[in-house]
Amino acid sequence: MTDQQLVEVFYNDSVSGEAVLTFDGHVVERFTTNISESVRVHASQIAVRLKGPGRKGVLEVQLTRRNVRLVALVLWVDEANYAAIQPVLQALAEAGVPQTPWQ
């Protein structure tokens, strides 16, 4: 994994409300207005899994622990907000984080 510039996006999470998602090349962190604590996970420990969209048009983006079914972080986003988080998902892919469809 290489060092890179901080990628920071603002989006509306369908469950957690207004949120900021960042990736600095090593750590993904989410800050929300509804939860007082941020959630941090190291890129070397996660994979991205996508599910949906469901009947309400919401996609579930899971950052899961690699090789186990533990979910570290879930992002619930509609189509517009899925587009908003693309810079972070792209940076994760470039950093070698596997991205897989829901199984």
Side-chain angles (χ1 to χ4, degrees):
M1 199 174 314
T2 61
D3 288 327
Q4 65 182 42
Q5 295 284 45
L6 177 70
V7 179
E8 179 177 88
V9 298
F10 297 84
Y11 74 100
N12 186 41
D13 189 285
S14 297
V15 173
S16 300
E18 293 177 359
V20 178
L21 186 66
T22 66
F23 180 57
D24 66 2
H26 302 282
V27 175
V28 179
E29 188 164 14
R30 181 183 68 181
F31 305 87
T32 64
T33 55
N34 293 344
I35 302 171
S36 62
E37 298 175 355
S38 66
V39 177
R40 297 170 49 97
V41 292
H42 199 279
S44 67
Q45 299 176 328
I46 61 170
V48 176
R49 291 182 16 172
L50 304 173
K51 179 183 180 183
R55 352 176 255 241
K56 295 183 180 180
V58 175
L59 287 157
E60 182 178 341
V61 180
Q62 293 186 347
L63 302 183
T64 63
R65 300 288 182 191
R66 291 189 189 182
N67 303 319
V68 293
R69 294 280 190 210
L70 298 176
V71 177
L73 177 60
V74 178
L75 312 174
W76 300 90
V77 292
D78 60 17
E79 187 175 324
N81 285 286
Y82 182 68
I85 66 170
Q86 282 304 305
V88 171
L89 295 180
Q90 181 63 36
L92 286 168
E94 291 170 4
V97 173
Q99 298 190 13
T100 60
W102 189 269
Q103 296 179 7

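Distance CD/Glu60 to NZ/Lys51: 5.5 Å, rounded to 0.5 Å. To the nearest 0.5 Å, atoms OG (Ser14) and NZ (Lys56) are separated by 10.0 Å.
When every heavy atom of Ser38 is checked against every heavy atom of Glu29, the shortest pair comes out as OG-OE2, 2.7 Å. Pairing each heavy atom of Leu92 with each of Ala43, the nearest pair is CD2-CB, 4.4 Å. Among all heavy-atom pairs drawn from Gln99 and Leu89, the shortest one is NE2-O, 2.8 Å. The shortest non-hydrogen separation linking Arg30 to Val74 is NH1-O, 2.9 Å. In terms of heavy atoms, Ile46 sits closest to Arg66 at O-NE, 2.6 Å.
Side-chain contact between Tyr82 and Leu50 is present, with at least one heavy-atom pair separated by less than 4.5 Å. With contacts defined as side-chain heavy-atom distances shorter than 4.5 Å, the pair Leu63/Val48 qualifies.
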Worked verdict on Asp13 versus Thr32 for side chain to side chain contact (heavy atoms under 4.5 Å, CB included):
CA-CA 8 Å; Asp13 189 285; Thr32 64; 5.5 Å; no
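With a 6.0 Å radius and a threshold of 12 heavy atoms from other residues, nucleotides or ligands, Glu79 has its CD atom at or below the threshold. Applying the 6.0 Å contact sphere to CD of Gln86 captures more than 12 heavy atoms from other residues, nucleotides or ligands.
Residues Val20, Phe31 make up the rest of the hydrophobic cluster containing Phe10, defined by ILVMFWY side-chain heavy atoms closer than 4.5 Å, directly or through other members.
In this structure Arg65 satisfies the side-chain contact (heavy atoms from CB on, under 4.5 Å) test together with Val41, Gln45, Val68, Leu70, Ala72, sequence neighbours excluded. A search for side-chain contact (heavy atoms from CB on, under 4.5 Å) contacts involving Pro87 returns Val7, Val9, not counting sequence neighbours.
Linking Ile, Leu, Val, Met, Phe, Trp and Tyr whenever their side-chain heavy atoms come within less than 4.5 Å puts Val97 and Val39 in one cluster. Using a 4.5 Å cut-off between side-chain heavy atoms of Ile, Leu, Val, Met, Phe, Trp and Tyr, with links allowed through other members, Trp76 and Val28 fall into different hydrophobic clusters.
Asp78 contributes no side-chain N or O that, together with a main-chain N or O of Gly57, makes up a donor-acceptor pair within less than 3.5 Å.
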